[in-house]
Amino acid sequence: MAEESGAEPKYLQIADALKAAIEMGEYGPGDRLPGENVLAPQYGVAPMTARRALRVLTSQGLAESRKGAGFFVQAFHPVRRRGIQRLARDQWGSGKSIWAADESRPLTVDQVTVEEVTPPAHIIRMLELGEGETACARSRRFVLEGRPVMLATSYLPFSLVAGSAITQADTGPGGTYARLADLGHAPVHFREEIRGRLPTSVEAAALGMSMERPVLKVCRTAFDADKRVVEINEMTLDSASYILDYEFDA
């Protein structure tokens, strides 16, 4: 039977019903969801329609597909990214990683490259680099519990950081900001811009996620006491892996 004009497609109705069941606790983290062979006769649809509904849940980050086993409620607990506390000088200034403000679970970097580059035009403008000036580009992939959660590339004026630990894979206690402080250019002000979009094929592959699920694009600018831009950090976050948490006094 054809669906009535303007009615929500059947696959979305099924997805909404499964989402509601997950939210009500009928299916808990790690539980197997009904497969298409169960859902199809239950809702009077073709198996492909039922499977499309299950894929909607994966694109929303509520479920994961396991090859040969079916679809399961997502068991991964999202990272609560504490946007204010993580950048406090008391954090990185005491030798702690800024990520420690977010998580007690160990976050690891499984891919890192550090190189001198001619950065993209918008980075040249933001760093106010002169003609022929280069940047130190630090690209990393962050993994939590075996799951890639974020890609990040930091750009810093190469003339500022040349010869320092910032040009090495391991920047030492407190990370890049502590090393900038060692150089006399400690960040004293930050600005973050956040937007959402669908991932590129390269981003989706690197994060092991569906191209139908949005990513969060975070661009952070760090300024020193002279209002000089000392770092641009462009981050790509799997939207299903993060909760953005901003807590501050009125």
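The minimum heavy-atom distance between Arg82 and Ala101, with the atom names listed, is CD-O, 3.1 Å. Nearest approach of Met209 to Pro199, heavy atoms of both residues: CE-CG, 4.2 Å. Contact detail for Pro187 and Ala222: the closest heavy-atom pair is CB-CB, 4.2 Å. When every heavy atom of Cys219 is checked against every heavy atom of Ile232, the shortest pair comes out as SG-CG2, 3.9 Å. Looking at every heavy atom in both residues, Pro78 comes nearest to Ala240 through CG-O, 3.9 Å. For the residue pair Val114 and Thr167, the shortest heavy atom distance occurs at CG1-O, 3.4 Å.
With Phe223 as the aromatic partner, Arg228 does not meet the cation-pi criteria of under 6.0 angstrom to the ring centre and within 45 degrees of the ring axis. Within the cation-pi definition used here (under 6.0 Å to the ring centroid, within 45° of the axis), Arg213 does not qualify as a partner of Tyr242.
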Legend entry - Leu18/Leu54 under side-chain contact (heavy atoms from CB on, under 4.5 Å): CA gap, chis, key distance, verdict: CA-CA 8 Å; Leu18 290 171; Leu54 291 165; 3.8 Å; yes

Full working for side-chain hydrogen bond (donor to acceptor under 3.5 Å, both in side chains) between Ser154 and Arg140: CA-CA 9 Å; Ser154 297; Arg140 294 137 291 160; 2.7 Å; yes

Exercise for review: Just do the side-chain hydrogen bond (donor to acceptor under 3.5 Å, both in side chains) check on Thr134 and Glu116 with the steps written out, would you?
Suggested key: CA-CA 7 Å; Thr134 58; Glu116 182 181 3; 2.7 Å; yes

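Salt bridge annotation for Glu103-Arg105: present, with a cationic side-chain nitrogen under 4.0 angstrom from a carboxylate oxygen. At a threshold of 4.0 Å, the pair Asp102-Arg86 counts as salt-bridged, since one of the basic side-chain nitrogens sits closer than that to a carboxylate oxygen. Between Arg179 and Asp182 there is a salt bridge, with a side-chain nitrogen of the basic residue lying less than 4.0 Å from a carboxylate oxygen of the acidic one. Salt-bridge check for Asp90 with Lys96: failed, with every basic side-chain N at 4.0 Å or more from each acidic carboxylate O. A salt bridge does not link Glu193 with Arg195: every distance from a Lys NZ or Arg NE/NH1/NH2 to an Asp or Glu carboxylate oxygen is 4.0 Å or more.
Side-chain atoms of Trp92 come within 3.5 Å of backbone atoms of Leu87 as a donor-acceptor pair (strictly under, hydrogens ignored). Looking only at distances, no side-chain donor or acceptor of Glu203 sits under 3.5 Å from a matching main-chain atom of Thr236. Glu133 places a side-chain N or O within 3.5 Å of a backbone atom of Gly130 that can act as its donor or acceptor partner. Here the side chain of Ser239 pairs a donor or acceptor atom with the backbone of Pro214 at under 3.5 angstrom.
Taking 4.5 Å as the limit, some side-chain heavy atom of Leu180 sits within range of a side-chain heavy atom of Ile166. Annotation: side chain of Val79 is not in contact with side chain of Ile243 (no heavy-atom distance under 4.5 Å). Under the 4.5 Å side-chain criterion, counting only non-hydrogen atoms from C-beta, Thr108 is not in contact with Phe142. Under the 4.5 Å side-chain criterion, counting only non-hydrogen atoms from C-beta, Arg32 is not in contact with Tyr27. In this structure, the side chains of Val229 and Glu128 stay at 4.5 Å or more apart for every pair of heavy atoms. For the pair Leu244 and Leu216, the minimum side-chain heavy-atom distance is below 4.5 Å. Inter-residue side-chain proximity for Val117 and Phe158 is flagged as unmet; no heavy-atom pair is nearer than 4.5 Å. Using a 4.5 Å heavy-atom cutoff, the side chains of Val149 and Arg141 are not in contact.
Side-chain polar atoms of Ser241 and Arg147 form a donor-acceptor pair below 3.5 angstrom. Remark: the Arg55 side chain and the Ser210 side chain contain no N/O donor-acceptor pair separated by less than 3.5 Å.
A distance of 8.5 Å separates CG of Leu57 from CZ of Phe71, quoted to the nearest 0.5 Å. How far OG1 of Thr118 is from CD1 of Ile124: 6.5 Å, rounded to the nearest 0.5 Å.
For Phe190 and Tyr177, the distance between ring centers is under 6.0 angstrom.
There is a path of hydrophobic side-chain contacts, each under 4.5 Å, that joins Leu107 to Ile98.
When the options Leu129, Leu127, Asn233 are evaluated for a side chain to side chain contact (heavy atoms under 4.5 Å, CB included) with Tyr155, the one that passes is Leu127.
No more than 12 heavy-atom neighbours from other residues, nucleotides or ligands sit within 6.0 angstrom of CZ on Phe248.
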